[in-house]
Amino acid sequence: MTASRINHPPADAEWIHDMESEDQPLMTDVFGSLTFTGDVMLKRLSEDVYKKLQQTMQQGLPLDPAIANTVAEAMKEWALEHGCTHYCHWFQPLTGSTAEKHDAFLSPDGNGRAIARFSGEQLIRGEPDASSFPSGGIRDTYEARGYTAWDATSPAFILRTGGHSTLCIPTAFVSWTGEALDKKTPLLRSIHAVSKHAMRILQIFGTDKGVSQVITTLGSEQEYFLIDEEFFNRRPDLQICGRTVIGAPSPKGHQLDDHYFGAIPERVMAFMSEVERRLYELGVPVMTRHNEVAPGQYEIAPFFENANVATDHQMLMMHILRSCAPHHGLACLLHEKPFAGINGSGKHNNWSLATDTGVNLLDPQEETHTNMQFLVFVAAVLRAVDLHADLIRAAVASAGNDHRLGMNEAPPAIISVFLGDMLNDILDQLERGETTSTKKGGKLDLGARTLPQIPRHSSDRNRTSPFAFTGNKFEVRTVGASASVAWPNTVLNTIVAESLDFMAGELQKKAGEDPTPQKLETVVKTVLKEVVQRHRRVVFDGDSYDPKWHEEAKKRGLPHLRTTVDALAALKTTEALNLFAKYGVLDNRELRARVDVLQEQYNTTVGIEARTMFSLINKHVLPAAVRSQTELAESVAATQAVGVECDATRAQLQERVEMITELLAATEAGREAEAHTVSSADRQGEHIRDKLVPAMARARAAADALEMVTPDDLWTLPTYTEMLFMR
């Protein structure tokens with residue numbers, strides 16, 4: 001692998017190879033490989049079969065059915081050598097997690113014995129129950145048949161759980177009618193749509209020689225919290241909801257910024273090392289680890305891969321993070337806002353486009369103002385975000401992310417694009433009709449002879465932006481920590497495909513057949529000028545946290561969809577239905593089904609959180625508060641009995657009585673709001689947004705106020721201070 005491909009490695013394990021020394025061992029040689037790819041395949045398959053399978057894996061070509069049995073046999077032998085007794089089709093239903101049905105390799109031989117069998121048909125197709133997964137009405141409970149289909153573009157792997165090993169085969173999941181019931185199928189369709197129209201742009205510029213497809217690349221940074229497992233086991237809200245539905249703030253949060261990039265605690269380092277080892281074995285290219293902003297918060301980040309494989313690896317990463325934590329007496333929290341009032345957790349989605357020959361199409365290069373092809377791709381993304389900001393917001397909508405978006409550590413629910421000084425200057429030039437120069441970053445002289453002069457980028461970064469250009473990629477910062485990245489990237493790919501289709505059409509229409517280089521350049525600049533003038537309103541490089549930006553965004557006509565209920569409506573419009581259908585990503589029924597599932601998940605999640613909150617109040621908060629009140633009343637009575645005035649203590653007692661009264665009233669109002677149901681999921685969502693969520697906020701405020709004045713020896717739940725600072 002050459003240095004020019006560093007941002008866009010192939011699917012096999014050689015991404016970990018040291019770029020500067022061919023003598024260095026592969027990380028997979030150090031840790032072992034549990035993925036059926038690269039050298040593993042080469043050793044077990046004939047050259048002809050290997051080449052055909054590689055064409056499917058790397059070029060997206062249809063799998064040759066004639067090689068299926070050969071591949072299945074090699075895969076089975078490899079799995080048996082690693083201790084596997086079962087295999088499973090590993091898929092991603094609309095629950096947002098993964099699913100697997102295990103089948104044994106053993107089959108009866110007719111003589112009272114069993115032999116290990118695994119056929120090409122078993123590899124290619126499975127038949128799990130489709131009735132109990134969310135389907136949005138595509139399947140009724142009595143309609144059980146569904147199929148899994150091998151996705152040969154994503155490597156099979158061996159997952160070790162509790163001393164047992166299972167061969168996992170990444171698959172798509174569809175209904176008996178052929179409609180997608182998963183998150184992988186539309187993602188693959190959207191990747192194809194982007195490639196199709198990106199190739200048209202390359203053909204216009206004559207840069208398509210030797211290129212068979214354009215690859216969507218992805219690297220998703222994962223933020224998470226770690227707390228002591230004992231505290232987790234004593235917090236029913238963390239166990240059930242993934243977040244604390246009550247909890248008074250610690251005196252110290254992240255005000256001092258002393259946790260960010262600080263020294264990693266010893267127990268956490270041991271956990272991180274195990275996670276990395278297991279991910280290396282599975283071919284997941286993790287590269288970075290560090291402390292995040294909040295106490296107890298950390299981050300792990302991978303190298304770039306093609307988006308389909310990266311999505312599978314992201315699901316594996318979350319699984320490994322959760323499963324390794326108990327080995328170190330820890331619990332891993334992936335909720336977007338496990339602790340109120342401090343930094344939440346996101347999943348920064350670093351997205352780009354590359355040719356299968358290794359060229360990053362979002363690399364501006366040195367003289368960016370002359371790189372017309374790059375500017376066309378950037379303008380296409382800009383146009384896509386402006387036209388479909390509501391869909392981008394809807395793609396990251398969830399009950400958990402509603403707690404995070406718009407807070408002081410996350411981008412707001414207003415979708416805007418950060419481009420930086422250099423690209424903004426070029427947009428200015430395009431609007432004037434001519435591009436003549438590219439801003440340079442120069443070098444920084446640090447003022448000490450012992451320190452080198454360091455090159456400075458042509459633009460700063462903007463951590464408040466929800467959609468930022470960061471040098472050679474776009475970083476979507478709105479994705480929630482617990483989310484599958486498949487759906488946000490499906491939406492992003494679809495809207496970019498539409499925009500590339502538009503750009504290619506405009507260029508072809510205005511340039512005609514076989515234009516001269518001079519005419520093509522003139523046409524490109526004309527189209528770019530039109531697109532920039534129409535869609536530059538979505539560009540904002542300032543502080544997205546500033547309330548003044550909210551006012552400015554409203555003037556520009558940018559949507560501000562504050563909650564999941566507000567955002568999901570964008571997916572129900574005729575425009576959205578037509579968009580996804582036109583590019584073959586989701587037909588109308590499939591898209592409507594996903595919206596129904598997302599709405600139902602929101603309603604159900606908040607309902608579970610409400611019932612958990614009221615249970616904790618009744619079983620923990622109220623008993624502790626009443627005991628504290630009783631002790632205080634006894635103290636007042638005893639003091640007064642000996643003739644000593646205690647007005648201040650009596651005032652405290654009165655205040656305690658009023659606080660408990662408010663908690664009881666707030667809880668009752670919350671219970672009434674939670675019990676209220678209406679006929680449709682949409683209207684139920686509106687009721688939850690308008691009535692239940694505010695009632696829960698009131699009840700939480702009352703509970704947290706009581707926690708602040710209740711003695712520690714009476715408070716039965718682990719506190720924020722304990723959970724965040726005892727590591």
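In this text, all values refer to a predicted model and were calculated from it rather than measured experimentally. For this chain, numbers begin at 1 and follow the sequence in order.
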Nearest non-hydrogen partners of Pro155 and Pro170, listed with the distance: O-CG, 3.4 Å
A quick test of your reading: do over 12 heavy atoms of other residues, nucleotides or ligands sit less than 6.0 Å from NE2 of His164? no
May I ask you to decide whether Arg44 forms a salt bridge with Glu77, counting only side-chain N to carboxylate O separations under 4.0 Å? no
Glu590: side chain to side chain donor-acceptor pair (under 3.5 Å) partners, not counting sequence neighbours: Arg189
Just so I know, are the side chains of Ser352 and Asn472 near enough to count as touching, which here means a heavy-atom distance under 4.5 Å? no
Main chain of Asp182, side chain of Gln92: is a donor-acceptor contact present, judged purely on distance under 3.5 Å? no
Just by modelled atom types, is the Tyr147 backbone N or O under 3.5 Å from a matching donor or acceptor in the Arg125 side chain? no
Is there side-chain contact between Arg243 and Asp237, with heavy atoms separated by less than 4.5 Å? no
Value for CG (Leu598) from CG (Leu94), rounded to nearest 0.5 Å, stands at 8.0 Å
Heavy-atom check, side chain of Trp351 versus side chain of Leu353, under 4.5 Å: yes
Spell out, as yes or no, whether a donor-acceptor pair under 3.5 Å connects the side chain of His89 to the backbone of Gln122. yes
Any side-chain to backbone donor/acceptor pair from His192 onto Leu188? Under 3.5 Å, distance only. no
Could you check whether any side-chain heavy atom of His313 comes within less than 4.5 Å of a side-chain heavy atom of Pro302, counting everything from C-beta outward? no
What residues form a side-chain contact (heavy atoms from CB on, under 4.5 Å) with Ser175, not counting sequence neighbours? Ile138, Arg139, Thr177, Glu179, Leu181
So, using side chain to side chain donor-acceptor pair (under 3.5 Å) as the criterion, who are the partners of Gln314 when residues are at least two apart? Gln222, Lys347
Do the rings of Phe173 and Phe133 sit parallel, tilted or perpendicular, given the 30° and 60° boundaries? perpendicular
Rounded to the nearest 0.5 Å, how far does OH of Tyr87 lie from CD of Glu100? 13.5 Å
When Phe36 is tested against each of Phe157, Trp78, Tyr50 for ring-ring contact (aromatic ring centres under 6.0 Å, His included), which residue passes? Trp78
Under 3.5 Å donor-acceptor, Arg267 side chain and Gly329 backbone: yes
To the nearest 0.5 Å, tell me how far Gln213 CD sits from Leu202 CG. 12.0 Å
Are the side chains of Thr98 and Ser484 in contact, using a 4.5 Å heavy-atom criterion? no
Indicate the ring-plane relationship of His86 and His102, choosing parallel, tilted or perpendicular according to the 30° and 60° boundaries. tilted
With a 3.5 Å distance limit and no angle check, can you tell me whether Thr605 reaches the backbone of Tyr602 through a side-chain donor-acceptor pair? no
For Val214, is there any backbone N or O sitting under 3.5 Å from a side-chain donor or acceptor partner on Ser195? yes
Can you check whether Ile215's main-chain N or O pairs, donor with acceptor, with Asn306's side chain at less than 3.5 Å? no
Do Asn493 side-chain atoms and Asn489 backbone N/O form a donor-acceptor pair below 3.5 Å? yes
Can Arg592 and Asp596 be counted as an ion pair, charged N to O under 4.0 angstrom? no
Between Lys76 and Glu73, does any side-chain N to carboxylate O distance fall below 4.0 Å? yes
In Å and rounded to the nearest 0.5 Å, what is the CZ to CG distance from Phe118 to Asp103? 9.5 Å
